[in-house]
Protein chains: 2
Amino acid sequence: MSAIRIVLAEDQTLVLGAIAALLALEPDFAIVGRAADGDAALALVRTLQPDILLTDIEMPGRTGLDCAQALAAERARTSVMIVTTFARPGYLARARAAGVRGYLLKDAPIESLAAAIRTVAAGGRVIPAELAAAAWEAGSDPLTDRERDALRLAEEGLSNKDIASRLGLSPGTVRNYLSDAAAKLGAANRIEAGRTARANGWL
Amino acid sequence: MSAIRIVLAEDQTLVLGAIAALLALEPDFAIVGRAADGDAALALVRTLQPDILLTDIEMPGRTGLDCAQALAAERARTSVMIVTTFARPGYLARARAAGVRGYLLKDAPIESLAAAIRTVAAGGRVIPAELAAAAWEAGSDPLTDRERDALRLAEEGLSNKDIASRLGLSPGTVRNYLSDAAAKLGAANRIEAGRTARANGWL
DNA sequence: TTCGCACAGTGACAGATGTCACCCGCCCGG
DNA sequence: CCGGGCGGGTGACATCTGTCACTGTGCGAA
């Protein structure tokens, strides 16, 4: 029986190296490639055709979710697994939509990583029950594209006028979008709205 | 020659296990303890008296910087090293003040970790030059304690009135604090002020 | 074809926020 | 003992934000 061939993607080099060291201890795993950003990860997967791509979400350039989407579109033979710090419902939903086969949190017990990889390599799926439940409770993203755009800029402290000129809108329209977004999210103002949206992985 | 005795503290269990696996590969290192939060780390250091405490900053309960401060106050024999995601000048400044002997970023090359540990164990210090330079440029925290308090709550989207009642102040005073803070930080409003302060590690 | 909804805008109003001046008391360093 | 900084406060003012109502357009689904 041949080893499970794995490509790792993670922007924090120290963590990348450490996870590689951890997985290398398992006799049935072969770490065939490492990448520090999404574009490098995609390139590696395309040339190496591994069994598993184990990737972080938040990376410079292309995110792990972007990679999963791209590979799904190409009908690649590689199964994508996500390892992330964030238990955001929106991330999980996007991962599911992108055909991701495993979703793990970085504060999960270590043994669960190797176990999850074996499960996915055998054709299974790994999504923690608590996470799935939280995603269910949070529901789906209620925001429209323009509301998201406005909220992203508002988060950075821009005024309605500045946001309007960046988006090519009138300040009044921006005010309406942010007001709508806050209402949908049950927030009292743009700051709270931004925090809520981000916590849910909707930004 | 005996091994360098190390205690690791890191709240993301997966990363903790991975770093432990990585360091365990070095014959002159002995991982004598692991902790997933600051309080556990302190307790371990006090009983085990290791050569090195290698700790993250952002952890539940006590932060890595808090631990360093506590150990410095006790004149402990353990040297504290920080490994963190964030290159925030304020963090580095607080680390220096707490007698921290090494400060590494999680996106540093892997080999540098082992090298840094050996340097610190031999009585040296490890602070990356770029980080030190950035800290120099950013200058020191211009905020007063009350301004920081107000800014922290403002970040969460609370109104002046709510912040005032939480801090036991009048809303006008809160307004003044936030206005002062924004002026000191060169920000146009509370949101930008909060972002700037956080980016610098002043919150 | 009509309904709903995203997108875009205007106008009016209340309330929140930002700015400034100016007040007090306190403590600490020169 | 006097200045300066911090903590705390007031009042006035301008501007920004949040809320509502109401007007359109265009698209896609029933």
Side-chain angles (χ1 to χ4, degrees), chain A residues 90 93-94 97 138-203, chain B residues 90 93-94 97 138-203:
Chain A
R94 275 190 271 164
S140 61
D141 184 351
L143 301 175
T144 69
D145 288 349
R146 298 305 255 169
E147 285 165 357
R148 246 190 309 280
D149 292 341
L151 214 43
R152 260 188 227 113
L153 295 172
E155 257 197 319
E156 292 173 25
L158 298 191
S159 67
N160 287 327
K161 215 197 317 169
D162 292 340
I163 297 172
S165 74
R166 290 249 203 135
L167 297 181
L169 296 175
S170 93
T173 305
V174 170
R175 245 183 323 150
N176 287 341
Y177 282 163
L178 291 175
S179 182
D180 286 354
K184 286 178 182 176
L185 299 172
N189 54 50
R190 58 184 64 200
I191 308 180
E192 215 187 306
R195 285 170 60 88
T196 304
R198 190 157 289 284
N200 280 294
W202 293 332
L203 284 186
Chain B
R94 275 190 271 164
S140 60
D141 185 351
L143 301 174
T144 68
D145 288 349
R146 297 306 256 169
E147 285 165 358
R148 246 191 308 280
D149 292 342
L151 213 43
R152 259 188 229 113
L153 295 172
E155 257 196 320
E156 292 173 26
L158 298 191
S159 67
N160 287 328
K161 214 198 317 170
D162 292 341
I163 297 172
S165 74
R166 289 249 202 134
L167 296 180
L169 296 174
S170 93
T173 304
V174 170
R175 241 183 326 149
N176 287 340
Y177 283 162
L178 290 176
S179 181
D180 285 355
K184 286 177 182 176
L185 299 172
N189 55 50
R190 60 185 62 200
I191 308 179
E192 215 187 307
R195 284 171 62 88
T196 304
R198 189 156 291 282
N200 280 293
W202 293 331
L203 284 186

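So you know, we letter chains A, B, ... as the sequences are listed, proteins then strands, and number each from 1. Side chains included, hydrogens not; waters and symmetry mates left out as well; all remaining heavy atoms used.
- Considering only heavy atoms from C-beta on, Trp202(B) stays 4.5 Å or farther from Leu151(B) through its side chain.
- Rounded to whole Å, atom C1' of dG18(D) lies 13 Å from atom CD1 of Ile191(B).
- Taking atom CD of residue Glu192(B) and atom C1' of nucleotide dT17(C), one finds them 15 Å apart after rounding to whole Å.
- At the phosphate of dT10(C), OP1 or OP2 sits under 4.0 Å from a side-chain N or O atom of Ser170(A).
- Atom OH of Tyr177(A) and atom P of dC20(D) are 18 Å apart (whole Å).
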message: Using the rule given for salt bridge (Lys or Arg N to Asp or Glu O under 4.0 Å), can you reason through Lys184(A) versus Glu147(A), listing the C-alpha separation, both sets of side-chain angles and the distance that settles it, and then say yes or no?
response: CA-CA 10 Å; Lys184(A) 286 178 182 176; Glu147(A) 285 165 357; 2.9 Å; yes
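- Listed nucleotides dT10(C), dG18(D), dG9(D) differ in distance to Thr173(B); the shortest reach to its side chain belongs to dG9(D).
- Closest approach to the Arg175(A) side chain among dC13(C), dG18(C), dC6(D) is made by dC13(C) (side chain taken as heavy atoms from C-beta onward).
- OP1 or OP2 of dC20(D) has not a single side-chain nitrogen or oxygen of Ser179(A) nearer than 4.0 Å.
- The nearest whole Å value for the distance from the CD1 atom in Ile163(A) to the C1' atom in dT17(D) is 11 Å.
- Between Arg146(A) and Leu167(A), the shortest heavy-atom distance links the atoms NH2-O, 3.4 Å.
- Not a single donor-acceptor pair, N or O on each side, falls under 3.5 Å between the base of dT17(D) and the side chain of Asn176(A).
- Rounded to whole Å, the distance from CD on Glu147(B) to P on dG8(D) is 11 Å.
- At a cut-off of 3.5 angstrom, the base of dT17(C) holds no donor-acceptor pair with the side chain of Arg190(B).
- Checking the phosphate oxygens (OP1, OP2) of dT17(D), a side-chain nitrogen or oxygen of Asn160(A) falls inside 4.0 Å.
- Rounded to an integer number of Å, the gap from Leu178(B) CG to dT17(C) P is 9 Å.
- At whole-Å resolution of the value, CG in Asp180(A) and C1' in dG18(D) are 11 Å apart.
- Taking every side-chain heavy atom of Asp145(A) into account, dC7(C) is the closest of dG8(D), dC7(C), dA8(C).
- Side-chain contact annotation: Arg190(A) with Asn160(A), donor-acceptor N/O pair under 3.5 Å present.
- Atoms CZ (Arg166(A)) and C1' (dA8(C)) sit 20 Å apart, rounded to a whole Å.
- Set against dT17(D), dA8(C), dG9(D), the side chain of Leu169(A) has dA8(C) as its closest nucleotide.
- Under 4.0 Å is where a charged nitrogen must lie from a carboxylate oxygen, and between Asp149(B) and Arg166(B) no such pair does.
- The nucleotide whose nearest atom lies closest to any side-chain atom of Lys161(B) is, among dA16(C), dT17(C), dG18(D), dA16(C).
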